[in-house]
4 protein chains.
Amino acid sequence: MSPAPERRGELLATAAEVFAAQGYSATTVREIADAAGMLAGSLYYHFDSKESMLDEILATFLDGLRARYDAVLAAGLGPRETIEALVTASFREIARHRAAVAIYQQESPHLRTHPRFGYLADAQQKFARAWLGTLERGVAAKDFRADLDIRLTYRFVRDTVWVAASWYRPDGQHSPEEIARQYLSTVLEGIAVRE
Amino acid sequence: MSPAPERRGELLATAAEVFAAQGYSATTVREIADAAGMLAGSLYYHFDSKESMLDEILATFLDGLRARYDAVLAAGLGPRETIEALVTASFREIARHRAAVAIYQQESPHLRTHPRFGYLADAQQKFARAWLGTLERGVAAKDFRADLDIRLTYRFVRDTVWVAASWYRPDGQHSPEEIARQYLSTVLEGIAVRE
Amino acid sequence: MSPAPERRGELLATAAEVFAAQGYSATTVREIADAAGMLAGSLYYHFDSKESMLDEILATFLDGLRARYDAVLAAGLGPRETIEALVTASFREIARHRAAVAIYQQESPHLRTHPRFGYLADAQQKFARAWLGTLERGVAAKDFRADLDIRLTYRFVRDTVWVAASWYRPDGQHSPEEIARQYLSTVLEGIAVRE
Amino acid sequence: MSPAPERRGELLATAAEVFAAQGYSATTVREIADAAGMLAGSLYYHFDSKESMLDEILATFLDGLRARYDAVLAAGLGPRETIEALVTASFREIARHRAAVAIYQQESPHLRTHPRFGYLADAQQKFARAWLGTLERGVAAKDFRADLDIRLTYRFVRDTVWVAASWYRPDGQHSPEEIARQYLSTVLEGIAVRE
DNA sequence: CATGAATGAGAGTTCATTCAT
DNA sequence: TATGAATGAACTCTCATTCAT
């Protein structure tokens with residue numbers, strides 16, 4: 001009968017917003033509490049620690065993303081369509097979980113050492129395999145150029161997608177799908193005019 | 001008038017390494033001192049504060065980068081060659097100042113509010129004008145496609161270049177020039193095979 | 001006018017157990033509530049504060065003990081028989097209120113300063129007079145040796161009795177009476193073999 | 001050249017005094033710092049934590065005590081003389097480390113569970129063997145009565161000795177040796193007059 | 001009677017910084 | 001130049017307590 005899970009979710013969204021804006025380490029628990037309209041100590045009724053808030057934010061985001069990627073990969077599309085679907089799914093996740101993505105971008109390098117956040121490295125490996133596998137399939141199918149270093153290309157693509165979280169504003173003029181289309185056009189066809 | 005500018009430079013390089021690895025806020029002065037083989041208090045003979053170390057690291061890096069960009073823009077190249085030169089210069093700076101670039105990437109969003117770091121926003125504006133101007137020139141000259149959103153394209157290009165600092169390892173297999181070539185090929189021609 | 005004095009007693013017994021095991025200061029209200037199968041806040045329906053639980057536990061124990069001592073002293077026994085009766089009564093109280101005795105032992109030194117617990121000092125004085133008076137009577141009656149320092153002897157006897165609360169287990173092999181007998185034999189006759 | 005070890009010792013003595021007076025849990029780090037004439041945070045230059053202060057106090061005390069007991073046991077005395085020497089050594093330790101002994105008495109029951117303080121149980125076992133072995137030797141040699149429960153007797157003796165720390169005042173009228181003599185007379189010969 | 005959520009004071013601890021030596 | 005010791009503010013977290021439901 002208690003609407004508790006909602007409250008948790010609200011608080012996590014608030015915390016994510018503050019973490020994204022200031023960085024995890026630079027954010028004080030008091031600031032989160034202020035943003036949530038409560039006292040710092042009160043947060044500890046809902047969460048064990050500041051770290052466990054971060055944990056829950058990242059784990060929730062990564063679970064959702066994994067599900068989307070799995071759905072895309074299970075759809076049996078060709079390499080080019082798979083890349084398009086992965087990019088579009090990614091931009092949609094950025095639109096839905098902008099704060100979580102920004103936190104992920106900023107903190108994941110430092111966090112990966114920490115045992116508690118080992119799942120970050122796991123997820124990253126899984127995602128890497130999805131992208132790399134698709135790029136390889138595309139090269140084999142002659143959809144993608146064979147003369148590019150695949151690992152470098154993967155990194156370029158991955159970074160460009162995710163770093164968008166740092167400037168994307170949901171109230172802006174571009175829908176996730178529009179951004180995905182522009183981005184795909186850039187990366188697939190290049191910006192140079194074809195003669 | 002302290003007589004050892006070299007020592008300063010060494011200490012700043014050490015501090016930059018630690019900042020890049022752990023994040024500025026998460027780094028303690030003691031950790032920097034440990035890495036430098038001295039005690040925390042001793043750093044204050046060389047620097048006013050932790051913040052002024054950050055300041056000097058970023059300012060030095062941005063000054064250098066500005067000089068390179070100015071040189072490129074002053075060379076009177078065509079739009080495509082200018083883009084190529086800017087990208088190559090950027091990857092060279094990443095190779096030379098990896099830690100500083102990583103810090104810049106991580107901290108610049110939070111820092112821009114802070115008056116002391118107003119020059120970050122200035123620099124960013126200056127760089128934005130360089131990129132945007134060149135892209136516009138390229139579109140006008142029909143070097144670049146006219147159907148792309150120029151601001152989005154700029155963001156894609158800018159982010160992908162700089163985010164490379166997070167994975168670039170100077171001891172790795174790729175020279176900055178090689179990375180620049182691959183990246184330019186990707187972004188100019190696209191990864192799709194042309195029929 | 002709360003209608004369940006039994007519940008109060010159960011809760012106090014639970015609290016006493018936890019206080020005895022962990023110390024009063026180191027015990028949290030939540031731990032007591034956990035042990036009682038309720039939430040921390042719910043305890044405040046029954047008690048004003050954590051301190052008032054401690055108060056009630058100690059006062060109840062001391063009231064009972066005072067009654068036993070009074071009964072012994074009113075019985076008009078000789079000094080030796082009085083000592084024997086006091087010791088036996090004490091071990092019986094330890095058996096019945098082990099937790100309260102343990103708390104009393106641990107906390108009474110710190111608590112005596114606190115005005116609310118002034119009755120601890122009163123009781124202790126009363127008990128001291130009972131023991132000292134009996135020892136003096138015994139020395140006068142040549143039941144007890146005259147060459148011992150009576151205050152030191154009192155302290156030795158008192159401490160040995162009460163400190164037993166820290167190791168006494170009601171389910172162990174020794175009844176309170178058996179322990180009292182052994183102890184009295186030790187203190188009255190000594191452990192050395194008589195020639 | 002730094003007199004640091006002395007400072008540590010002074011601070012530990014101060015902390016021990018406060019712990020003994022108020023109990024470990026009820027003592028705040030600020031109270032210790034006040035007593036030492038410094039700020040709370042400054043204590044952390046010298047110690048890792050409040051707990052590590054407790055640790056060092058207890059370990060130092062137990063190490064010293066163990067050395068004394070070992071010396072006594074190595075002296076090859078008869079059972080009665082060994083008991084006398086152990087008791088005297090104990091009262092001397094109480095006189096020298098009154099606060100540490102008081103803390104040991106109060107906190108050791110709760111602490112024994114804690115892995116960090118496992119050495120408390122070890123030491124206690126070692127001491128128990130020393131006392132029990134000597135009592136057994138004494139019974140075998142007909143120095144001590146055979147009709148007493150040896151474990152009970154051990155507990156009586158042990159507790160009475162150590163609990164003296166709670167009332168012993170070094171500036172009082174009794175030297176440790178005097179107290180030991182009185183106590184030994186009580187426990188060896190008994191307080192009853194011999195016919 | 002008990003819960004769930006919050007309060008607010010204060011606890012232990014961290015850390016940038018200072019300064020006499 | 002560097003050290004050792006201390007400062008003081010702020011931080012994360014705890015906990016007794018309150019109260020509407």
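Per chain, numbering begins at 1; letters A, B, ... match sequence-line order. The basis for the numbers below is simple: all heavy atoms, side chains too, and nothing from hydrogens, waters or symmetry mates.
Here the P atom of nucleotide F:dT1 and the CD atom of B:E6 are 10 Å apart, to the nearest Å. In this structure, C:R8 atom CZ and E:dC1 atom P are separated by 12 Å, rounded to whole Å. What separates CD of B:E10 from P of F:dT1 is a distance of 11 Å, to the nearest Å.
Remark: the backbone N or O of A:T28 is paired with a side-chain donor or acceptor of A:E31 at under 3.5 angstrom.
Using a 4.0 Å cutoff on non-hydrogen atoms, the parts of residues 47-55 of chain C near DNA chain F are C:S49, C:K50, ordered by number. At a non-hydrogen distance threshold of 4.0 Å, D:R30, D:M38, D:L39 from residues 24-40 of chain D come into contact with DNA chain F.
Checking D:Y44 against B:Y44, the closest nucleotide of DNA chain E that is more toward the 5' end is the one next to D:Y44. Mapping A:S42 and D:G41 onto DNA chain E via the closest heavy atom, the residue that lands nearer the 5' end is A:S42.
Taking side-chain N and O atoms only, B:Y45 has no distance below 4.0 Å to OP1 or OP2 of F:dA2.
Counting heavy atoms from C-beta on, the side chains of B:F117 and B:D55 come closer than 4.5 Å. In this structure, B:L58 and B:Y119 have side chains that are in contact, with non-hydrogen atoms separated by less than 4.5 Å.
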| query | How is the base pairing of DNA chain E summarised as a dot-bracket string, given the Watson-Crick and G-U wobble criteria with both distances under 3.5 Å, [ ] for crossing and | for another strand? | reply | .||||||||||||||||||||
